There are 2 protein chains.
Amino acid sequence: MTHQRRAIVSILGELQSFQSAQEIHALLKERGETIGLATVYRYLARMVKSGDVDVMNREDGESVYMRCSRQHHHHLACRRCGRAIEIGGPAIEQWAEQLAAQHGYTDVTHALEIFGVCPDCAESGGDTR
Amino acid sequence: MTHQRRAIVSILGELQSFQSAQEIHALLKERGETIGLATVYRYLARMVKSGDVDVMNREDGESVYMRCSRQHHHHLACRRCGRAIEIGGPAIEQWAEQLAAQHGYTDVTHALEIFGVCPDCAESGGDTR
DNA sequence: GTAAGTGCAAACGGTTTGCAGCCTC
DNA sequence: GAGGCTGCAAACCGTTTGCACTTAC
């Protein structure tokens with residue numbers, strides 16, 4: 001446990017929104033942490049593998065990260081600030097499985113992401129991203 | 001209408017699977033077409049904008065393209081060969097909209113992709129990708 | 001003839017990696 | 001003291017772009 005990891009864990013604990021590795025790195029820098037971008041990437045990747053963090057591909061292709069519950073779920077995420085709400089749609093899961101089976105597809109996974117603009121961002125108007 | 005475009009259109013007409021720009025470029029080269037990678041990217045981007053081609057983000061992050069029907073739909077795609085089946089789930093659309101509205105999110109879009117291994121690929125065993 | 005399209009190669013942006021040094025236990 | 005972790009900078013990879021040349025009409 002290095003202070004860099006402590007810092008990442010701590011900031012992930014505070015954020016309730018998806019942020020990119022670079023954004024997380026910038027936030028840590030702002031707080032005066034000494035940490036390299038590579039370390040952020042490396043540790044995030046490790047946490048993704050261990051299941052402690054969720055990755056999601058933003059519409060622009062950049063990967064964004066957020067601490068998450070371990071069970072399978074999807075997200076309703078704000079396109080501007082990244083604020084996300086976990087959603088579970090048992091019906092969807094079932095439907096996808098069944099549909100795939102119908103066509104003979106095996107080893108099925110699915111990716112579902114809902115993007116919108118959250119109330120706060122909508123109110124504050126045309127923020128970037 | 002240049003011969004390069006004709007070639008791209010022609011190959012898109014034959015493929016019933018999602019392929020990346022680089023894969024499409026390689027296929028064209030194999031056929032002896034003289035065409036640059038940049039041209040493939042440029043023309044694919046144009047067709048995406050005009051709605052004649054669908055893009056999809058493969059799990060590895062690379063963008064893959066396929067000629068598609070114009071109306072909104074999703075895909076069940078083979079993880080190995082890219083073969084895809086169009087699916088439309090009115091129930092999903094509705095559910096996503098409603099869920100987003102419930103949480104006050106506006107300007108809602110969603111991305112749903114189902115990945116699996118198609119019967120042919122499953123049969124032929126451990127092909128790469 | 002002219003405007004649009006093309007190829008090349010360089011630029012780009014996010015991400016990964018090799019390696020030498022540093023820190024934690 | 002030893003192994004793992006870190007930072008830096010370079011490498012990577014898919015994609016985009018500037019620019020001079022070519023092509024289709």
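In the text below, chain A, chain B and the rest are named by the order of the sequence lines, each starting its count at 1. Computed from a predicted structure; not experimentally measured.
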Problem - DNA chain C contacts among residues 26-34 of chain A, heavy-atom distance under 4.0 Å - result: none
Problem - C:dG7 base / B:R42 side chain donor-acceptor hit below 3.5 Å - result: yes
Does [X] come within less than 4.0 Å of [Y], counting only side-chain N to carboxylate O?
X: A:R58; Y: A:E23; result: yes
X: A:R70; Y: A:D52; result: yes
X: A:E14; Y: A:R31; result: yes

[X] side chain: which of [options] is closest?
X: B:A38; options: C:dT17, D:dT15, C:dA9; value: C:dA9
X: A:T2; options: D:dT6, D:dA24, D:dT15; value: D:dT6
X: B:T39; options: D:dC5, D:dG7, C:dG7; value: C:dG7

Problem - A:R80 side-chain N/O to A:C121 backbone N/O, donor-acceptor pair under 3.5 Å - result: yes
Exercise for the section: Verify, without hydrogens or angle tests, whether A:E86 (side chain) and A:S69 (backbone) share a donor-acceptor contact under 3.5 angstrom. Expected result: yes
Completion exercise
Note: for B:A21 and A:V40 on DNA chain D, the residue whose nearest nucleotide lies more 5' is A:V40
Output the rounded distance in Å from [atom1] ([X]) to [atom2] ([N]).
X: A:H25; N: C:dG13; atom1: NE2; atom2: P; result: 17 Å
X: A:H3; N: D:dT6; atom1: NE2; atom2: P; result: 8 Å
X: A:E23; N: C:dG13; atom1: CD; atom2: P; result: 15 Å
X: B:Q19; N: D:dT15; atom1: CD; atom2: P; result: 13 Å
X: B:Q4; N: D:dC21; atom1: CD; atom2: P; result: 18 Å
X: A:L37; N: C:dG14; atom1: CG; atom2: P; result: 10 Å
X: A:D60; N: C:dG13; atom1: CG; atom2: P; result: 13 Å
X: A:N57; N: D:dG14; atom1: CG; atom2: P; result: 15 Å

Exercise for the section: For D:dT16, take OP1 and OP2 only and decide whether either is under 4.0 Å from a side-chain N or O of B:Y41. Expected result: no
Base, sugar-phosphate, or nothing: which does [X] touch, judged by heavy atoms less than 4.0 Å apart?
X: B:R5; result: sugar-phosphate
X: B:S63; result: sugar-phosphate
X: B:R46; result: sugar-phosphate

Practice task
Could you check whether the rings of A:H110 and A:H74 sit parallel, tilted or perpendicular, using 30° and 60° as the cut-offs?
Solution key: tilted
Exercise for the section: List in chain and number order the residues that pass side chain to side chain contact (heavy atoms under 4.5 Å, CB included) with A:R6, two or more places apart in sequence or in another chain; answer none if no residue qualifies. Expected result: A:M1
